[in-house]
Amino acid sequence: MQRWLMKTEPGTFSIDDLAARRTEPWDGVRNYQARNFIRAMHRGDAVLIYHSACAQPGVAGLAKVASPPKPDPTQFDPRSDHYDAASKRADPRWTLVDVRFVRRLRRVITLDEIKSLRGLGDFALTRRGNRLSVLPVTDKQWDAILALE
DNA sequence: GCCAACGTTGGC
DNA sequence: GCCAACGTTGGC
């Protein structure tokens, strides 16, 4: 089983929204590196849900991958913000997985706290200029973050 | 709202 | 294939 971190803007879709929805197709990822990570996912993989672009950026909850990778239907929908006119149905450019709620954390583990952790090795979340919305998390990183809860 | 970082686009 | 312009992300 692999572990991942997936960002969401809580003003648009928060951990509480995921809790209410139970399972959500994680559509709209339009970055090739993030897409490639999605394509490497398997059902049952563990996910940290991270709140970005908000007052308190940090890890807010846990989820799991609930489907195999599959084409993101919004790429074919001209009314969608995520429409991609260049993507062909025979060879879809963008991929999603379904994400299932597991639990909220008792509190948000903030980015500042995560940055203060040492010995975690390379971590895309805390790299300078970090903009990846889907990224891998090592077991050590996962354990160290959740130990802060 | 600002702005640094960085990915993408498109002219050449 | 270079690189300037532009758009987006996301912390602050």
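What you see is a predicted model, and the numbers here were worked out from it, not measured in a lab.
By the 4.5 Å heavy-atom criterion applied to side chains, A:His42 and A:Gln2 are counted as neighbours. The closest side-chain heavy-atom distance from A:Thr138 to A:Leu120 is not below 4.5 Å.
For A:Arg104, the CZ atom sits in a packed shell: over 12 heavy atoms of surrounding residues, nucleotides or ligands are nearer than 6.0 Å.
Counting to the nearest Å, the P atom of B:dT9 and the CG atom of A:Asn31 are 11 Å from each other. In this structure, A:Arg128 places its CZ atom 11 Å from P of B:dG7, rounding to the nearest Å. One can place CZ of A:Arg30 at 15 Å from P of C:dG10, the figure rounded to the nearest angstrom. Taking atom CD of residue A:Glu9 and atom C1' of nucleotide C:dT8, one finds them 10 Å apart after rounding to whole Å. Between A:His82 atom NE2 and C:dG7 atom C1' the separation is 15 Å, expressed in whole Å. Taking atom CG on A:Asp84 and atom C1' on B:dG7, their separation rounds to 15 Å, with Å as the unit. In this entry the distance linking CD of A:Gln33 with P of B:dG7 reads 7 Å, nearest Å. Distance, A:Lys7 NZ to C:dT9 C1': 8 Å, rounded to whole Å.
The pair A:Arg35-A:Asp72 fails the salt-bridge criterion, with no side-chain N (NZ, NE, NH1 or NH2) lying under 4.0 Å from an Asp/Glu carboxylate O.
Using bins of under 30°, 30° to 60° and over 60° for the plane-to-plane angle, the ring pair A:Trp94/A:Tyr32 lands in the tilted bin.
You'll find that the side chain of A:Ala53 is closest to C:dG10, out of C:dG10, C:dC12, B:dG7. Closest approach to the A:Ser52 side chain among C:dC12, C:dG10, B:dC6 is made by C:dG10 (side chain taken as heavy atoms from C-beta onward). Between C:dC12, B:dT8, B:dA5, one nucleotide has an atom nearer to the side chain of A:Tyr32 than all others, and that is B:dT8. The side chain of A:Arg131 sits closest to B:dG7 out of C:dC12, C:dG11, B:dG7.
In this structure, A:Tyr50 does not reach the C:dT9 phosphate: none of its side-chain N or O atoms is under 4.0 Å from OP1 or OP2.
Counting any heavy atom pair closer than 4.0 Å across all strands shown, A:Leu125 reaches no nucleic acid atom.
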